[in-house]
Number of protein chains: 2
Amino acid sequence: MAKKNIEGTICAVDFAFRRIGGKYKGRILWYLHQYGVLRYGELRRSIKDITTKMLTQTLRELEEDGLVHREVFQSMPPRVEYSLTDSSKQLIPFIDHLRQWGDKQMAKENIPVIKSSLSCIITEEEQAEK
Amino acid sequence: MAKKNIEGTICAVDFAFRRIGGKYKGRILWYLHQYGVLRYGELRRSIKDITTKMLTQTLRELEEDGLVHREVFQSMPPRVEYSLTDSSKQLIPFIDHLRQWGDKQMAKENIPVIKSSLSCIITEEEQAEK
DNA sequence: CCGCATCCGAAGGGATACTG
DNA sequence: CAGTATCCCTTCGGATGCGG
């Protein structure tokens with residue numbers, strides 16, 4: 001006895017994982033944290049193998065859930081900037097610790113380790129050099 | 001200059017999310033933390049709508065990744081117990097943090113809130129009462 | 001009690017081409 | 001630059017039935 005189960009309600013752990021789960025959400029939030037503000041194209045280059053379809057779709061979901069802020073600048077060419085919200089900023093410590101745990105695990109298992117936690121990011125200038 | 005990108009390597013954030021992502025992994029780890037040790041059937045009843053296929057499959061993945069310990073007792077009827085490993089125990093504080101964030105969000109958005117963080121668990125006795 | 005095997009539908013995600 | 005639109009394939013996950 002003691003513990004009671006409630007029909008149809010959602011567990012908070014489950015709820016949270018649904019919000020930030022998915023293939024790219026963690027990285028997007030982390031990169032936005034690292035840089036404060038990123039444009040659409042910057043995000044696309046950062047997450048090397050993402051397609052525009054998935055990037056747009058994922059950003060829309062994050063926006064709907066109040067995890068990213070989207071700001072459009074009506075100029076030519078157009079410019080759209082993404083940043084974290086107060087809500088998602090509270091998730092950063094969690095993601096950071098998770099990242100550290102990942103680093104340790106990758107070292108233990110001899111998975112080719114990246115040089116720094118920021119190495120996923122590729123800058124526009126570097127991209128241009130190609 | 002500055003940030004360097006390495007071809008083909010995995011970002012630690014991405015790595016970690018792949019390990020504990022998926023529909024049920026977060027809840028399984030959390031429940032195992034709450035109870036220390038759970039049998040197969042107890043886990044199945046705790047995660048109300050999981051099928052045996054998904055439960056077995058998810059537990060195997062967690063075991064392969066060193067996140068759960070599986071112990072078989074050769075008796076009649078058989079008995080199999082699951083528990084956390086040292087590696088996964090290190091994740092608990094962060095899952096707990098994530099859970100608290102989830103609780104707050106659910107309150108803000110008026111999503112029917114569960115009574116306690118343990119309410120996902122249904123005991124064997126309760127199940128038997130049906 | 002603790003699974004495994006099979007079938008099947010739903011959803012996630014990639015490639016490519018195109019637009020304001 | 002910042003997306004849309006379409007097609008298609010793969011993976012995830014549910015339902016059911018059987019087995020040691």
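Each chain gets a letter, A, B and so on, in the order the sequences are listed, and its residues count up from 1.
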Output the rounded distance in Å from [atom1] ([X]) to [atom2] ([N]).
| X | N | atom1 | atom2 | answer |
| --- | --- | --- | --- | --- |
| A/Gln57 | C/dG14 | CD | P | 10 Å |
| A/Leu43 | D/dC1 | CG | C1' | 14 Å |
| A/Gln74 | D/dG3 | CD | P | 11 Å |

Starting the side chain at C-beta, find the nucleotide from D/dG14, C/dG13, C/dG3 nearest to B/Arg70.
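For the B/Arg70 side chain, the nearest candidate turns out to be C/dG3.
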
Could you check which of C/dG14, C/dC2, D/dG13 has an atom nearest any side-chain atom of B/Pro78?
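Of the options given, the side chain of B/Pro78 lies nearest C/dC2.
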
Return yes if a side-chain donor-acceptor contact under 3.5 Å exists between A/Thr56 and A/Tyr40, otherwise no.
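The answer is yes; a qualifying pair exists.
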
Phosphate OP1/OP2 of [N]: any [X] side-chain N/O under 4.0 Å:
| X | N | answer |
| --- | --- | --- |
| A/Arg39 | D/dA2 | yes |
| B/Tyr82 | C/dC2 | no |
| A/Arg60 | D/dA2 | no |
| B/Arg45 | C/dC2 | no |
| B/Tyr40 | C/dC4 | no |

Under 4.0 Å between a Lys/Arg side-chain N and an Asp/Glu carboxylate O for A/Glu61 and A/Lys25?
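A salt bridge links A/Glu61 with A/Lys25.
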
Between A/Arg79 and A/Glu81 (salt bridge meaning N to carboxylate O under 4.0 Å), is one present in this structure?
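Result for this pair is yes, salt bridge flagged.
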
Under 3.5 Å, is there an N or O donor on one side and an acceptor on the other linking the side chain of B/Lys53 and the base of C/dG3?
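Result: no qualifying N/O pair found.
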
base_contact_polar (D/dT4 base, A/Thr52 side chain, donor-acceptor, <3.5 Å):
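Pair found.
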
